[in-house]
Amino acid sequence: MTEWPATPAEAIAVQEKLRGLVEPTDAGKTPRYVAGLDVAYDGDRLAAAVVVLDRETLAEVDRAVVNGVTTFPYVPGLFAFREVPALLAALEQLTITPELLVCDGHGIAHPRRFGLACHLGVLTKLPAIGAAKTTFVGTHRELAEERGAWAELVDGGEVVGAAVRTQDGVKPVYVSVGHRVRLETAIDHVLRLAPRYRLPETTRRADRACREGLLG
DNA sequence: GCGACAG
DNA sequence: ATCTTGTCGC
């Protein structure tokens, strides 16, 4: 990796330099191969997993899990610097190149509009979206209880993402643009990837894969 | 100045 | 992220 900071100040400078490269519009056709990415920790050790699913059937078509050690502390706003190196290593191990990255965290719904999903998208040039369990920045109106309901996530006067109800009566999932996908398309992907549970199937399977990778 | 703060 | 039992509901 060419661009890698050692301090929070340097990391922020990297984000400000790369943020202009984010493309918040749809590129390419509807993806067939969609990937879920996640990292699990045990002290200094970590395991990063990428699981590739067929968007239509949700069947797994490829996966890669890599073990490593933490190289950056968890700092709110700089989360990507902790996970990106291991996730890129896992992506390189894949046989099938995914056409969409579904990240466990935010895209532009970030203080500097450059969260994990933007970072991975820009570095790989692949379409990417963020699907997070909680908000980081922004507020939204209350949304209807039914699956499919959603509301804009607004921060500093701008729409940075959406709160999306993926199942009746569950807490919303926070979706945001990462790279090369517009918000409405990202919402559509998340709803299709979460036919039964609150979180997208991509996220659920990547979560299980990295936890297993931490053991064996 | 004091909290809050993706995972 | 991770530490952690039982419990309510389909």
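Labels below follow one simple rule: chain letters A, B, ... track the order of the sequence lines, proteins then strands, and each chain is numbered from 1.
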Test item: A/Arg205 side-chain N/O and A/Thr202 main-chain N/O as donor-acceptor pair under 3.5 Å: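 No, because the side chain of A/Arg205 does not come within donor-acceptor range (under 3.5 Å) of the backbone of A/Thr202.
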Given B/dG7, C/dT2, B/dA6, the nucleotide with the shortest approach to the side chain of A/Arg211: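 Closest nucleotide to the A/Arg211 side chain: C/dT2.
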Given B/dG7, C/dA1, B/dC5, the nucleotide with the shortest approach to the side chain of A/Asp38: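 Nearest listed nucleotide: B/dG7.
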May I have the distance from [X] (atom [atom1]) to [N] (atom [atom2]), rounded to whole angstrom?
X        : N     : atom1 : atom2 : result
A/Phe136 : B/dG7 : CZ    : C1'   : 10 Å
A/Gln167 : C/dG9 : CD    : C1'   : 15 Å
A/Tyr174 : B/dC5 : OH    : P     : 12 Å

Check: A/Arg112/A/Gln15 side-chain N/O donor and acceptor closer than 3.5 Å: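 The criterion, which ignores hydrogens and geometry beyond distance, is satisfied for A/Gln15 and A/Arg112.
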A/Val137 and A/Arg113, any side-chain heavy atoms less than 4.5 Å apart: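 Heavy-atom side-chain distance check passes, below 4.5 Å.
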A/Tyr74 aromatic ring stacked with six-membered ring of B/dG7, 5.5 Å and 30°: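 Stacking between A/Tyr74 and B/dG7: present.
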Cationic tip of A/Arg204 above A/Tyr197 ring, under 6.0 Å, 45° of axis: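 Pair A/Arg204/A/Tyr197 counts as cation-pi.
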Duplex segments of DNA chain C, taken as runs of at least three Watson-Crick or G-U pairs that stay under 3.5 Å: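 Nothing qualifies as a stem here.
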Touch class at under 4.0 angstrom, heavy-atom based, for A/Gly130 against every strand present: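 The residue A/Gly130 makes no contact with any strand.
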Closest contact, heavy atoms only, A/Val51 versus A/Ala209: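 A/Val51 and A/Ala209 have their closest heavy atoms at CG2-CB, 3.8 Å.
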Phosphate OP1/OP2 of B/dG7: any A/Thr134 side-chain N/O under 4.0 Å: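 It does, given that an N or O in the side chain of A/Thr134 lies less than 4.0 Å from OP1 or OP2 of B/dG7.
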A/Arg208, CZ: over 12 other non-hydrogen atoms inside 6.0 angstrom: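 12 or below, so no.
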